[in-house]
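Down below is the structure, laid out as structure tokens.
Any value given below was found using the heavy atoms of this structure, including those in side chains, with hydrogens, waters and symmetry copies removed. Throughout, numbering of the chain's residues begins at 1 and tracks the sequence. What you are looking at is a predicted structure, and each value in this text was computed from that prediction instead of being measured.
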Amino acid sequence: MRLVGPSGEQVGIVPLAKALELAQEYDLDLVEVAANARPPVCKLMDYGKFKYESAMKAREARKNQAHTVIKEMKLRPKIDPHDYDTKKGHVVRFLKQGDKVKITIMFRGREQSRPELGYRLLQRLAEDVQDLGFIESNPKQDGRNMIMVLGPHKKKTEAMAEAREAQAARKAERQGQPAQADPSAQ
């Protein structure tokens, strides 16, 4: 087999017995790296440490991974202006976080005969948040509901990175604030 040493240097082609002897001598494990190669490639390494480091790399990769989430906001065609502003604020927050937003307008009774009211409301909401998101799926009637999907301009990973930077800035500001308050108190 072809043997690779503990620091990555090529030892050469050695028999299995000699490779096992070298592994005991260095107090390391003999790990087969490439079984399909001719001759097979083995490496001297601390296998427990290798597994731990690869698990840490995988955990770090998952930490930086972003899951696309679809948030939902439900409205009615005859919504009060203040309620509309509140719901719009939630939509803005979701888009800033990098999430998609599914807006549903629920029609009841006679409201179903006036779908243009819902359409106008969805268009108004899309115009109000156009700097943060875009219409991913145009408004369409689905039984008693009208549905539209807004997508963010920013990717989820960018939004997460900005949120981490803002949090670090706030933390630094809080830590610096008491230091500034002490001299003025004296």
Side-chain angles (χ1 to χ4, degrees), residues 46-185:
D46 184 356
Y47 190 64
K49 181 179 176 185
F50 170 75
K51 280 182 67 173
Y52 173 78
E53 287 174 351
S54 62
M56 287 296 110
K57 285 179 187 173
R59 177 193 260 172
E60 193 65 29
R62 278 194 308 273
K63 180 180 168 188
N64 294 332
Q65 202 172 39
H67 301 288
T68 304
V69 179
I70 297 181
K71 304 282 188 171
E72 186 169 10
M73 189 58 52
K74 293 188 175 188
L75 306 170
R76 295 284 315 282
K78 297 186 210 168
I79 190 168
D80 186 64
H82 179 266
D83 293 338
Y84 171 81
D85 291 339
T86 303
K87 299 274 188 174
K88 182 180 86 174
H90 292 309
V91 170
V92 166
R93 186 179 78 225
F94 295 150
L95 290 173
K96 280 184 180 176
Q97 291 173 353
D99 295 322
K100 291 182 181 183
V101 185
K102 175 181 172 184
I103 295 127
T104 305
I105 299 217
M106 302 172 295
F107 296 100
R108 285 196 200 149
R110 292 183 183 173
E111 292 173 348
Q112 291 178 38
S113 64
R114 302 282 310 275
E116 66 275 2
L117 293 175
Y119 184 81
R120 271 189 263 148
L121 184 63
L122 289 174
Q123 291 301 322
R124 179 175 147 209
L125 181 62
E127 287 173 18
D128 288 347
V129 297
Q130 75 184 54
D131 55 328
L132 297 170
F134 61 95
I135 298 175
E136 197 168 281
S137 148
N138 285 318
K140 58 181 170 257
Q141 188 83 28
D142 181 31
R144 292 177 170 227
N145 300 327
M146 185 174 279
I147 298 168
M148 175 176 78
V149 178
L150 294 175
H153 288 305
K154 279 192 261 179
K155 288 192 166 103
K156 181 81 172 179
T157 51
E158 294 172 12
M160 286 170 52
E162 283 182 15
R164 271 193 235 116
E165 289 172 11
Q167 186 178 18
R170 284 194 305 269
K171 186 176 180 181
E173 185 178 302
R174 270 187 266 131
Q175 288 175 350
Q177 205 167 16
Q180 295 169 354
D182 288 339
S184 61

Flag if over 12 foreign heavy atoms under 6.0 Å of CD, E116: yes
Please check if the number of heavy atoms outside R164 that lie under 6.0 Å from its CZ is greater than 12. yes
Within a strict 4.5 Å, meaning less than it, do heavy atoms of the [X] and [Y] side chains meet?
X: P77; Y: I105; answer: yes
X: L117; Y: E111; answer: no
X: D99; Y: I70; answer: no

Specify the closest pair of heavy atoms between [X] and [Y], including all atoms of both residues, with the distance to one decimal.
X: K100; Y: G151; result: CG-CA, 4.4 Å
X: L121; Y: R76; result: CD2-O, 3.5 Å
X: M146; Y: G118; result: SD-C, 3.8 Å
X: M148; Y: L122; result: CE-O, 3.4 Å
X: P152; Y: G98; result: CG-O, 3.5 Å
X: R120; Y: R114; result: NH2-NH2, 4.5 Å

Among residues two or more places apart or on two chains, list those pairs meeting ring-ring contact (aromatic ring centres under 6.0 Å, His included) that have a residue in residues 105-140. F134-H153
Of all residues at least two apart in sequence or in a different chain, which pass the side chain to side chain contact (heavy atoms under 4.5 Å, CB included) check with R144? Q112
Run the side chain to side chain contact (heavy atoms under 4.5 Å, CB included) test against L132 and tell me which residues pass, sequence neighbours left out. V92, L95, K96
Expected output: side-chain Q141 to main-chain G143 donor-acceptor under 3.5 Å: yes
Could you tell me the separation between the [atom1] atom of [X] and the [atom2] atom of [Y], rounded to the nearest 0.5 Å?
X: K87; Y: L125; atom1: NZ; atom2: CG; answer: 11.0 Å
X: E162; Y: K154; atom1: CD; atom2: NZ; answer: 3.5 Å
X: I103; Y: L75; atom1: CD1; atom2: CG; answer: 7.0 Å
X: K74; Y: K102; atom1: NZ; atom2: NZ; answer: 8.0 Å

Using distance only, find each side-chain donor-acceptor pair of residues 47-57 under 3.5 Å and give its atom names and separation, not counting sequence neighbours.
from : atom 1 : to  : atom 2 : distance (Å)
S54  : OG     : F50 : O      : 3.2
S54  : OG     : K51 : O      : 2.9

Sequence-distant partners of S137, side-chain hydrogen bond (donor to acceptor under 3.5 Å, both in side chains), two or more places apart: K140
side-chain hydrogen bond (donor to acceptor under 3.5 Å, both in side chains) partners for D128, two or more places apart: Y84
